[in-house]
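From a predicted model like this one, the values you see are computed outputs, not experimental measurements.
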Amino acid sequence: MPAQPDYTVNSPDGQIQVAFSLDESGAPTYEVSYKEQTILEPSRLGFVFLSDPPLNMGFVLKDIRCSTFDETWEQPWGEVRYVREHYNEMRLHLQEESYLKREFIVVFRLFDDGLGFRYEFPEQPNLTDFQIIDELTEFNFAADHKAWWIPAYREHRYEYQYQRSPVSLLKKVHTPLTLETAAGLYLAIHEAGLTDYASMVLAGTGKHALECELVPWRADADAVKVKAATPHRTPWRTLQIAETPGELITSYLTLNLNEPNALGDVSWVRPGKYIGIWWAIHLRHYSWSSGPNHGATTENAKRYIDFAAEHGFDGMLVEGWNLGWDGDWYNSKDAFDFTTAYPDFDLEEVARYAREKGVRLIGHHETGGDVLNYERQMAEAFALYESLGVNTVKTGYASVLIDGAEWHHGQRMVEHHQEVVELAAQHKVMLDVHEPVKDTGLRRTYPNLMTREGVRGMEWNAWSQDGGNTPEHTTVIPFTRMLSGPMDYTPGIFDLIYQGRYADNRVRTTLAKQLALMVVLYSPLQMAADMPENYEGHPAFQFVIDVPVDWEETLVLNGEIGEYVTIARKDRHSQDWYIGAITDENGRLLKIEFSFLEPDVKYVAEIYADGPDADWETNPRSYEIRQEFVDRGTTMKLELAPGGGQAIRLRPAAEGDL
Ligand code: NOJ
């Protein structure tokens, strides 16, 4: 078979190019370049099946179709209101030349900020039910770039601090995987629209290529990864390409590669800020279990609801209200009962009280990884919440394996999460998923899928054996984990030094950085994680009260991965802007400009800055609040302490201010 010519497609601005080709054996490959620089060298495509011959060579091109799409869509909520979806598409329909004549289609979509491609398997006589044991997709980088990574197949799922190494040293890592090239480009590999399939992990090759590795069904001795039947299609494999790290954050490629809203009227979906009977449990002031320290009592819940109502919080989370927490819940999962409360928690009364006070009670479903137990009860559990007006539920899958046998990110759990989101939508419930499968932008299709954890969050500072999260951690995750979607990190701790499980447990930031994180770390359900008693009477609490969670626009003003970042976001419901700047363990001076502000408007900047003597290690509580006038011509210097940050609210000046 002679090698066939390359088929190419470019991004709308012409800078990114994909060239697809079939070699002499009819094996498909693709290459990617940006501004004529090679990003991916020829990289293979294809599949290996359990009982059918592999689908990886002997192809001819049956058909090719190119098209262009350019529409702007509105997010019902989000980090930005309008998203432009502008791409050029190339669909290559391949068929085996002889014998089985099986076919698949490779679809490439090129945007100005990157590309996605996926495989489609049409209905056909010689490919009906199939079991994938390997997806051959490869990312063959042109050089040994620097990568920020967390390991896959580990006890703590996605909850690791990122490490940095050359691609050639990577073993098995999760996506999003963020890379920096020697030429100063920033790349990220991830996937979009993960349904009916297994998650993609990236496997190292010892060289500068990475291979797609699908997460297996563990119970399956043959290491089956995906069970499917035609017609079927894979998630999109995505590659973001940016000239600054900040452009990765403001790229909406993953969302653009998801299907539009499938739920119709979602006016019942409302972002919000919440508090909860939560941090006090992680610090062991209260317990999830019944007994003298039980946190979820009717009385305590009412106290938290009063606090939420007084300060304008939308929600209040209660953990440990339902039976199942006594004893070693992490290892005796099937005890969880999702509809029966402990005797000292009157669910109906607490829900009624919350409604009366205009606060939403946030429900909690901790499965402990016993998904079979949860699946038996979840229809009833969501119906109960709906009947009580509880419209937000935090779910949890805290375990090493699911049902003792499955990974959190295999096809089994992808399917489970799909069922839960659809069920929740039927009951008009919004979700905050902990120990989730990674985010691949499904919130576009299911706007009740608000946020998820999938990150080493605040709770690690309460009890981790290694002390807690480094000051650097939160300067990495905006450029890595957050590329996949919203993140329930739970910032906002004011009492930074406390008695945790281990002597060195504490929060390794200044207080001003905690405020800044409420802007930097995007979550449409954003928790102010500390206890009411630690907020009471604190002047900096005003920022926590003011900061919104739903944004018109997001701008990254500066940033270097693992060093610092400054993000500005415009409130969706006012003319105000909010800015969060954070740094790693190094103090620094950041200069910002305000050219994004409205012309001819003077703004009052309410500044929450590290005090001159602040330092995460020696003086984390030192901060000062001051006001300045700014307009779009102003340049401001932000002084960040080691492990510090700065938070700013900008509001148009009113009569009395001037
Ligand atoms: C781990 C979750 O991340 C945390 O938020 C929750 O409190 C516990 N599991 C118990 O459900």
Side-chain angles (χ1 to χ4, degrees), residues 22-23 25-30 43-60 62 92-107 117-139 152-153 171-175 191 193-205 209-237 371-372 401-419 437-438 440:
L22 290 168
D23 68 12
S25 66
T29 62
Y30 72 105
S43 302
R44 60 181 189 164
L45 300 163
F47 294 90
V48 180
F49 300 118
L50 178 67
S51 41
D52 296 294
L55 202 52
N56 61 345
M57 60 200 287
F59 288 108
V60 288
K62 189 172 160 191
L92 299 130
H93 197 141
L94 307 179
Q95 184 165 35
E96 287 174 308
E97 194 180 27
S98 57
Y99 185 44
L100 292 170
K101 300 231 180 260
R102 293 171 303 170
E103 11 186 308
F104 70 70
I105 300 161
V106 192
V107 187
F117 62 93
R118 76 171 173 206
Y119 306 85
E120 297 178 3
F121 302 97
E123 254 182 300
Q124 51 194 295
N126 289 328
L127 193 64
T128 51
D129 291 346
F130 58 98
Q131 295 180 316
I132 298 173
I133 57 168
D134 199 7
E135 178 185 317
L136 300 174
T137 306
E138 190 187 33
F139 303 91
Y153 307 115
K171 301 275 188 282
K172 301 205 172 175
V173 300
H174 279 303
T175 73
E191 56 184 316
L194 171 58
T195 54
D196 301 324
Y197 210 75
S199 301
M200 173 175 75
V201 157
L202 296 171
T205 58
L210 295 172
E211 289 173 351
C212 164
E213 178 174 299
L214 300 175
V215 175
W217 285 78
R218 282 198 28 127
D220 220 304
D222 296 311
V224 166
K225 313 292 173 48
V226 173
K227 303 174 186 178
T230 51
H232 199 75
R233 60 192 190 192
T234 70
W236 296 92
R237 278 66 189 87
V371 170
L372 291 169
L401 292 173
I402 297 295
D403 295 330
E406 298 292 345
W407 297 110
H408 281 69
H409 41 302
Q411 186 180 13
R412 158 79 172 111
M413 285 309 282
V414 169
E415 286 173 357
H416 167 78
H417 287 296
Q418 182 72 25
E419 257 177 66
V437 65
K438 66 185 167 185
T440 56

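Listed by chain and number, the residues in a side-chain hydrogen bond (donor to acceptor under 3.5 Å, both in side chains) with Lys225 amount to none (sequence neighbours excluded). Partners of Thr440 by side-chain hydrogen bond (donor to acceptor under 3.5 Å, both in side chains), not counting sequence neighbours: none found. Under the side chain to side chain contact (heavy atoms under 4.5 Å, CB included) criterion, Glu96 pairs with Leu55, Phe59, Leu100, Arg102, sequence neighbours left out. Partners of Arg118 under the salt bridge (Lys or Arg N to Asp or Glu O under 4.0 Å) rule, at least two apart in sequence or in another chain, are Glu120. Remark: Tyr30 pairs with no residue by the side-chain hydrogen bond (donor to acceptor under 3.5 Å, both in side chains) rule, at least two apart or across chains. Looking at residues two or more places apart in sequence or on another chain, you find a salt bridge (Lys or Arg N to Asp or Glu O under 4.0 Å) between Lys62 and Glu103. Judged as a side chain to side chain contact (heavy atoms under 4.5 Å, CB included), and not counting sequence neighbours, the contacts of Asp134 are Val48, Leu136. Applying the ring pair (Phe, Tyr, Trp, His ring centres under 6.0 Å) rule to His416 yields the partners Tyr374, Tyr397; only residues at least two apart in sequence or on another chain are considered. In this view, Thr195 and Gln418, Leu442 satisfy the side chain to side chain contact (heavy atoms under 4.5 Å, CB included) rule, not counting sequence neighbours. In this structure, Glu419 has no salt bridge (Lys or Arg N to Asp or Glu O under 4.0 Å) partners at least two apart in sequence or on a different chain. For Arg44, the salt bridge (Lys or Arg N to Asp or Glu O under 4.0 Å) criterion is met by Glu211, not counting sequence neighbours.
Looking only at distances, no side-chain donor or acceptor of Glu406 sits under 3.5 Å from a matching main-chain atom of Met413.
Screening residues 47-58 for salt bridge (charged side-chain N to carboxylate O under 4.0 Å, His left out), with sequence neighbours left out, gives no hits.
The distance from atom CG of Leu194 to atom NE2 of His409, rounded to the nearest 0.5 Å, is 10.5 Å. Atom OH of Tyr119 is separated from atom CZ of Arg237 by 7.5 Å, given to the nearest 0.5 angstrom. Taken to the nearest 0.5 Å, the CZ atom of Phe121 stands 4.5 Å off from the CZ atom of Phe130. With rounding to the nearest 0.5 Å, the separation of CG in Leu202 from CD in Glu213 is 9.5 Å. To the nearest 0.5 Å, atoms CG (Asn126) and CD (Gln124) are separated by 7.5 Å.
The shortest non-hydrogen separation linking Ser199 to Val437 is OG-CG2, 3.6 Å. Heavy-atom minimum distance, Ala198 versus Val215: CB-O, 3.3 Å. Residues Val226 and Gln411 come closest through the heavy atom pair CA-OE1, 3.3 Å. When all heavy atoms are compared, the tightest approach of Leu94 to Pro28 is CD1-CB, 4.1 Å.
Between Val371 and Arg412, the closest side-chain pair of non-hydrogen atoms falls below 4.5 Å.
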